[in-house]
Amino acid sequence: MADRQAGRVGWLELNAQRSALGVGFYRDLFGWGIRAVPIAPWGVLPFFEHGGRPIGLAFCAMGAFAPPRWLLEFLGDPDDAHDRVARLGGEAGGLSHVPGHGRVASLRDPDGCLFKVLAPERADASGQPPEVWFPDRALPGGIWGAGLWAWRAERLVEFYTALFGLEAEVLTTDRHAACGAVTALTAGGEIRLLIHDTEYEIARARWVPMICSVSPGGDGRRAEVLGAVPQVPVFAVEGVGRVGVWSDPAGADVAMIDPQPASAPT
């Protein structure tokens, strides 16, 4: 993919049977705005806003065994990704156009992890995505990026670098550490995504959104008061920052990061 934005997180969807618990949690923890939007045929859905800009929504998962999770949409070329994903070891789902949102490809990586690739609707004849898709990620509560947590993730590093046209930079190599071995996926020296290769076996590979925080430890304690469960203690990665992972009250995993200035996406 030649898209200069490829691999950035463009949209978040909280998908859980108890999604309403997550809506209040993120409002109280990060100060995200909540706006009710009628979307046929699902009814009224809560949209998340940061800095007055929409960044995602919450959706009540259907099915008795649907796992709570964040479903991430990465910026890129959905048609190209849909055409190439099987050759890279993944699986192509459907292509769709969502009015007011953009063109979306639903895909799975070699571990079966579901994600989407989004081409936002263009703002004008310049061909540039509207500013709404690029909130200031350096502000507390902004979306810094995402981390993929998986067991034996070497093949996933190869998959995502090839799919998004990114470069891989190994940051840590200790799989036994709480954060596992960490590889950064970069473009022009800017970190877009992190892949955590763990020695402990994770039941299912998962993408975890990384939200900016001035103090992951302090915000983590507040998150626990609000009903979150700690999953990975706050750790530091050189060139990235300090990060911790919690499960929110809806059961979905979210990370908080205090990024080092040089590593924060622009």
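Residue indices begin at 1 and follow the sequence shown. When reading the values below, keep in mind they use all heavy atoms of this one structure, side chains included, and skip hydrogens, waters and symmetry mates.
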ask   = Is a salt bridge present between R152 and D197, judged by a nitrogen-to-oxygen distance below 4.0 Å?
value = no
Residue pair L166 / A6: nearest heavy atoms and the distance that separates them = CD2-O, 3.8 Å
request  = Would you mind checking if R155 and D111 are paired as a salt bridge, meaning a charged N to carboxylate O distance below 4.0 Å?
outcome  = yes
request  = Flag the pair R242 / Q260 as yes when at least one side-chain heavy-atom distance between them is below 4.5 Å, and no otherwise.
outcome  = no
remark   = In short, A153 meets A150 closest at the heavy-atom pair CB-CB, 4.1 Å
ask   = Which pair of heavy atoms, one from C212 and one from P259, lies closest together, and at what distance?
value = SG-CG, 4.1 Å
task = Test E73 against R103 for salt bridge (Lys or Arg N to Asp or Glu O under 4.0 Å), laying out the working first.
result = CA-CA 11 Å; E73 295 185 2; R103 187 162 174 79; over 6 Å; no
task = List the steps and the verdict of side-chain hydrogen bond (donor to acceptor under 3.5 Å, both in side chains) for E169 and T186.
result = CA-CA 7 Å; E169 178 184 351; T186 68; 5.1 Å; no
inquiry  = Looking at H50 and P140, would you say the former's side chain and the latter's main chain have a donor-acceptor pair under 3.5 Å?
reply    = yes
D253 bridged to R69 by N-O distance under 4.0 Å = no
request  = Say whether, by atom type as modelled, one donor and one acceptor occur between the side chain of R192 and the main chain of E190 under 3.5 angstrom.
outcome  = no
message = Please determine whether a side-chain nitrogen of the Lys or Arg among E224 and R222 lies less than 4.0 Å from a carboxylate oxygen of the Asp or Glu.
response = no
key: Closest heavy-atom pair and its distance - A177, Y200   = O-CE2, 4.0 Å
ask   = Once you round to the nearest 0.5 Å, how far does CG of L14 lie from CG of D248?
value = 6.0 Å
task = Give a yes-or-no answer on whether the side chains of D219 and S213 include a donor-acceptor pair shorter than 3.5 Å.
result = yes
inquiry  = Classify the ring geometry of H196 against W149: parallel below 30°, tilted from 30° to 60°, perpendicular beyond 60°.
reply    = parallel
inquiry  = Is it the case that the side chain of Y26 and the backbone of I34 share a donor-acceptor pair, with hydrogens and angles ignored and the cut-off at 3.5 Å?
reply    = no
query = Between the main-chain N or O of L118 and the side-chain N or O of W11, is there a donor-acceptor pair closer than 3.5 Å?
reply = no
request  = Please examine the side chains of L194 and L185, heavy atoms only from C-beta on, and report whether any two atoms are closer than 4.5 Å.
outcome  = no
ask   = How close do V245 and A255 get, heavy atom to heavy atom, and via which atoms?
value = CG2-CB, 4.0 Å
request  = Would you indicate whether the side-chain heavy atoms of P216 and D258 approach each other to under 4.5 Å?
outcome  = yes
message = Just checking Y160 against F115, ring centres under 6.0 Å apart?
response = yes
ask   = Say you draw a straight line from CH2 of W144 to CG of L139; how long is it, rounded to the nearest 0.5 Å?
value = 15.5 Å
inquiry  = Test your reading of the model: is there a side-chain donor-acceptor pair from R84 to the backbone of L163, 3.5 Å cut-off?
reply    = yes
query = Between E121 (side chain) and G100 (backbone), is there a donor-acceptor pair under 3.5 Å?
reply = yes
inquiry  = Contact between T183 and L171 at the side-chain level, heavy atoms closer than 4.5 Å - yes or no?
reply    = no
task = Would you give the length of the straight line joining atom CZ of F164 to atom CG of D77, rounded to the nearest 0.5 angstrom?
result = 11.0 Å
ask   = So, for A81 and V117, which heavy atoms are closest and what is the spacing to 0.1 Å?
value = CB-CG2, 4.0 Å
request  = Ignoring hydrogens and angles, tell me if any N or O in the side chain of T172 forms a donor-acceptor pair with the backbone of A181 under 3.5 Å.
outcome  = no
task = Would you please classify the geometry between the W32 ring and the F30 ring as parallel, tilted or perpendicular, with 30° and 60° separating the classes?
result = tilted
